[in-house]
There are 2 protein chains.
Amino acid sequence: MSASAPTLRSLAKQLGLSRTTVSDALRGSPRVDPKTAERVQKAAREAGYRRNPLAGALMSELRRSRGTAFRGVLAAVDFTEPERPDAAARFHRELVVGAETRAGELGFKVEKFAVGHAGLSVQRLDSILQSRGIHGVILLPAWDEPDLSNLDWTRFAGIYTDYIIERPALHSVCSDHYRSLLAALQRLASLGYRQPGLFLQRHQDERLQFRWGAAFRAFQENQPEIRAVPPLIVDAYTKEAFVRWFKKHQPDVVLGHHTAAIDWMADCGAEIPERHGFVCLNKNMTTRPCAGLDLQPRTLGARGAELLIAQLQRNETGIPEWPSTTTIPARWSDGPTLRTGNAGHARTP
Amino acid sequence: MSASAPTLRSLAKQLGLSRTTVSDALRGSPRVDPKTAERVQKAAREAGYRRNPLAGALMSELRRSRGTAFRGVLAAVDFTEPERPDAAARFHRELVVGAETRAGELGFKVEKFAVGHAGLSVQRLDSILQSRGIHGVILLPAWDEPDLSNLDWTRFAGIYTDYIIERPALHSVCSDHYRSLLAALQRLASLGYRQPGLFLQRHQDERLQFRWGAAFRAFQENQPEIRAVPPLIVDAYTKEAFVRWFKKHQPDVVLGHHTAAIDWMADCGAEIPERHGFVCLNKNMTTRPCAGLDLQPRTLGARGAELLIAQLQRNETGIPEWPSTTTIPARWSDGPTLRTGNAGHARTP
DNA sequence: CGGACATGATCGGACTGTCCGCACGTTTCG
DNA sequence: CGAAACGTGCGGACAGTCCGATCATGTCCG
């Protein structure tokens, strides 16, 4: 019994074997005599041997990648959807850039694949990934719920980069819309706005399980000095409906995705930014300069790659027993559609 | 220029130095001549050297704990709070069990520490963890916002097992209260309940940024066949306030933490489970048998350990640039306080 | 001026577990 | 009987870090 914890080498010496044989025996390699293996395992149990997990991870990676420069490849899978708004393309690109960067730092490469409609069939994707030896899949957001249940998930680890995926139910990475909207409203209040209004397309809120609307109402409910303006939630954006709502409830700041609303407000006599304001709920989706939330697609992509690589390093494939959602708050971004105040911090925690 | 990625040794050879000097130079050790250090750093940049994070983590552990046993160890840190409800103890225990189990599978051990009030000071904890060579910290939930900003976070990776921690702003793991309540309400609707009521202590909702209340209202708003009952949110539980609310709005099912409400409902003439129902929002906090949400502390603890170990394996310490929150939906659990229906699945997605 | 001592800069050794290739001895088979 | 195949075990190389050793130079004092 030595003072320090048993290692492979001390065990090997004690047994009169080489460290290699002990290592192989403990991991059940077929290269060692079953009798020897049992003897080693018994001795390891008795000595209380516990393998160093870090060294294990390091060495297997090291040995595997001998010579070759990169250690692994991830697939970024995009669903080609004809109805998807064009603006989403930039968001997708940023997601991929973030994933590529982080993956690169961790020794992985990212390759892009397009699936559905104008792209590959799911079967075809499956066989390509299999033959290329790719085991990590990042699924980019789809406007309608994507279906990749036909992939042979016993061989893949996957991450979805949006709130919810049911087919299959994978881990996901997403912006924290609820928290971000609360923080944005708080900021607007500190800038002196008292009647914020929310302007959304129904589908936009539905696919987030109404998180935008819920955060908006929760804020109104818990801030006595805020005058309640009912959210305007429409099936399709029309100027007419917006103008009616705006004139009736007279919000002093509007939060929404559709930047054309800035013009509609002006047409109603709003003075931006002196007396009224507009906040875009996803700045990455518009080119028009305005204040709003940066949903940080790069950070999301990076975190997605990180989670995926962690799974691969644990050698975990398949559909998780309990899928989790990892969220990151949006970053506040100033712009010309709001009056300036003494609010300083760039982060919206 | 070699085919494979540059290593410490290849760099050292190229520069005519030893690997030790190169390593020290790149990490800014005061032991090397500043001129040499600069030369090394320039060469490293040009060669595109990237240090292997796994090897770094392994070796620093190994060297630090020379002789003595290095095994991966995580610290589970609990804040001793006098006002904390007793029921929370069980939740904490389950969290730790989950973390221990998952950590064990990945080759790590978990040790418990109590901080504050009746336990260690933060300074003391810092020095204990340092001298024990522990770099992973799981923070258990505190009723009030915990403060561990005095720990030297350049040497630790941490995970908080509740929604929000600001001091410091770490990654966290938590139940998905918003999604879980929506799913529970959906289930109640499918069982025929039409007037659900929510009964909360204000602090319980505040510390979740009103997610319970927000999900409740979002559901009412988007389900036309549900009759709106205003939530009852109180500073302290009293029978009187509950009875007044219950008689006025006549909910047919009440969702809340406080199981004494079951008796109060009965006193008002409610028939449980034939015509009325009660749903507990955190079954792990009560011993009374009833239907409700299992927030799955074991799964949360397990996922927390997983995320923490992933950080350690990447040799990442410190406060993350963009803290993320990882959420897991609650599991629905049947019980005698609800009438049975034809709803089958155990999971609440 | 020379020896004792301090300081600065660099190096070597040892440490973890894994995987590939090699070696040695035995069995199989044409 | 010789060659090939197989079973089993071993050694080398690999990553980055930290402690102590080493060696050159500078400083101080008798």
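Proteins come first, then strands; the chains are lettered A, B, ... in the order of their sequence lines, and each starts at number 1. Here the structure is a predicted model, which means the values were calculated and not measured.
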Which heavy atom of A:Pro141 sits nearest a heavy atom of A:Leu95, and at what distance?
CD-CD1, 3.5 Å
Among the candidates [options], find the nucleotide nearest to the side-chain atoms of [X].
| X | options | value |
| --- | --- | --- |
| A:Arg19 | C:dT16, D:dG12, D:dC10 | D:dG12 |
| B:Arg31 | D:dC10, D:dA15, C:dC11 | C:dC11 |
| B:Arg27 | C:dT18, D:dT17, C:dT16 | D:dT17 |
| B:Ser23 | D:dC10, C:dG12, D:dT17 | D:dT17 |

What is the distance, to the nearest angstrom, from the [atom1] atom on [X] to the [atom2] atom on [N]?
| X | N | atom1 | atom2 | value |
| --- | --- | --- | --- | --- |
| B:Leu17 | D:dT22 | CG | P | 21 Å |
| A:Arg51 | C:dT16 | CZ | C1' | 11 Å |
| B:Leu15 | C:dT10 | CG | P | 12 Å |
| A:Lys13 | D:dC10 | NZ | C1' | 17 Å |
| B:Lys35 | C:dG8 | NZ | P | 14 Å |
| B:Leu11 | D:dC14 | CG | C1' | 16 Å |
| B:Asp24 | D:dC18 | CG | P | 8 Å |

Report yes if a side-chain nitrogen or oxygen of A:Thr21 is closer than 4.0 Å to either non-bridging phosphate oxygen (OP1 or OP2) of D:dC10; otherwise report no.
yes
Give a yes/no answer on whether the side chain of B:Thr20 brings an N or O atom under 4.0 Å of OP1 or OP2 in D:dC18.
no
Backbone of [Y] reached by a side-chain donor or acceptor of [X] within 3.5 Å:
| X | Y | value |
| --- | --- | --- |
| B:Ser324 | A:Thr327 | no |
| B:Asp152 | B:Asp126 | no |
| B:Ser172 | B:Thr161 | no |

Among side-chain atoms of A:Ser23 and A:Arg27, is any donor-acceptor pair under 3.5 angstrom?
yes
Just call it for A:Arg9: base, sugar-phosphate, or nothing, with non-hydrogen atoms closer than 4.0 Å on any strand.
base
Would you kindly compare B:Tyr49 and A:Gly16 by the position of their nearest DNA chain D nucleotide and give the one closer to the 5′ end?
A:Gly16
